[in-house]
Amino acid sequence: MDMYAENILDHFQNPRHKGTLSAATISVEEVNPLCGDKLSLDLIIENGSIKDMAFSGSGCAISQASMSMVAEELNGKSLEEAEKLSKDTIYELLGVPISPARVKCAILSYALLKKSLILLKHQS
Ligand code: FES
């Protein structure tokens, strides 16, 4: 049984920005190939900034908390700032050592974010 830090449990139980956005500028989906868990992310972009974002899907506490933390961190920020978010930022937000077996869970949110940023570039 994994031990989770309080902040992870808090984000898991009370996820920030959970849901979908019908007016999304872009929607992406990513799967953790190791477990099959899936997350979707909707972003509304205005004037080069993330006006709103929401995620849906299911998964373990780490993947859900990580996505919730990333959404809280980046909502309202510029795309430039979003580009700067690294895997290390996610590990810092989670605040606990991530075992190799859980790395894919922790960075599922990162994969989603990167996918959306790449697609946005192709759109513009
Ligand atoms: Fe599926 Fe963590 S076990 S994302």
Side-chain angles (χ1 to χ4, degrees):
M1 174 87 185
D2 288 310
M3 293 287 290
Y4 296 128
E6 242 172 70
N7 63 330
I8 293 181
L9 274 183
D10 177 35
H11 276 266
F12 180 52
Q13 288 164 350
N14 312 293
R16 297 8 165 218
H17 302 281
K18 190 96 194 255
T20 55
L21 300 171
S22 54
T25 313
I26 197 150
S27 300
V28 289
E29 217 176 65
E30 192 70 42
V31 175
N32 179 347
L34 298 179
C35 62
D37 287 342
K38 205 192 281 181
L39 278 179
S40 310
L41 179 66
D42 292 341
L43 294 170
I44 296 181
I45 308 298
E46 254 181 45
N47 301 325
S49 290
I50 300 172
K51 193 183 166 217
D52 203 0
M53 63 197 289
F55 75 98
S56 56
S58 59
C60 63
I62 291 188
S63 69
Q64 300 297 298
S66 157
M67 190 69 252
S68 172
M69 288 170 180
V70 166
E72 188 175 57
E73 179 82 6
L74 290 182
N75 198 49
K77 298 267 172 72
S78 69
L79 290 174
E80 258 171 40
E81 282 169 294
E83 290 276 0
K84 283 188 208 142
L85 188 132
S86 67
K87 291 180 191 173
D88 284 339
T89 315
I90 292 176
Y91 296 140
E92 275 166 33
L93 288 169
L94 289 168
V96 292
I98 302 298
S99 67
R102 308 310 299 277
V103 163
K104 278 270 190 305
C105 305
I107 63 165
L108 193 58
S109 59
Y110 176 82
L112 265 172
L113 178 69
K114 290 292 149 178
K115 196 186 239 185
S116 64
L117 294 175
I118 289 169
L119 286 173
L120 277 169
K121 272 189 194 151
H122 285 277
Q123 261 187 10
S124 56

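Small disclaimer: the values here were computed from a predicted structure and weren't measured. Counting convention: from 1, in listed order, for ligands and their atoms alike.
A donor and an acceptor atom, one from each side chain of T20 and D42, are nowhere located under 3.5 Å apart.
Residue-and-atom listing of protein N/O/S atoms under 2.8 Å from atom 2 (Fe) of ligand 1, sorted by chain and number: C60 SG, C105 SG.
Crowding of K77 atom NZ: a count of heavy atoms from other residues, nucleotides or ligands under 6.0 Å exceeding 12.
The only option from I26, T25, L43 that meets the side chain to side chain contact (heavy atoms under 4.5 Å, CB included) definition with L119 turns out to be I26.
Residue pairs meeting the side-chain hydrogen bond (donor to acceptor under 3.5 Å, both in side chains) criterion with at least one member in residues 82-96, sequence neighbours excluded, are E83-K121, S86-T89.
Looking at K115, its side chain does come within 3.5 Å of a backbone N or O of E29 through a donor-acceptor pair.
Between D10 and R16 there is a salt bridge, since a side-chain N of the basic residue sits under 4.0 Å from a carboxylate O of the acidic one.
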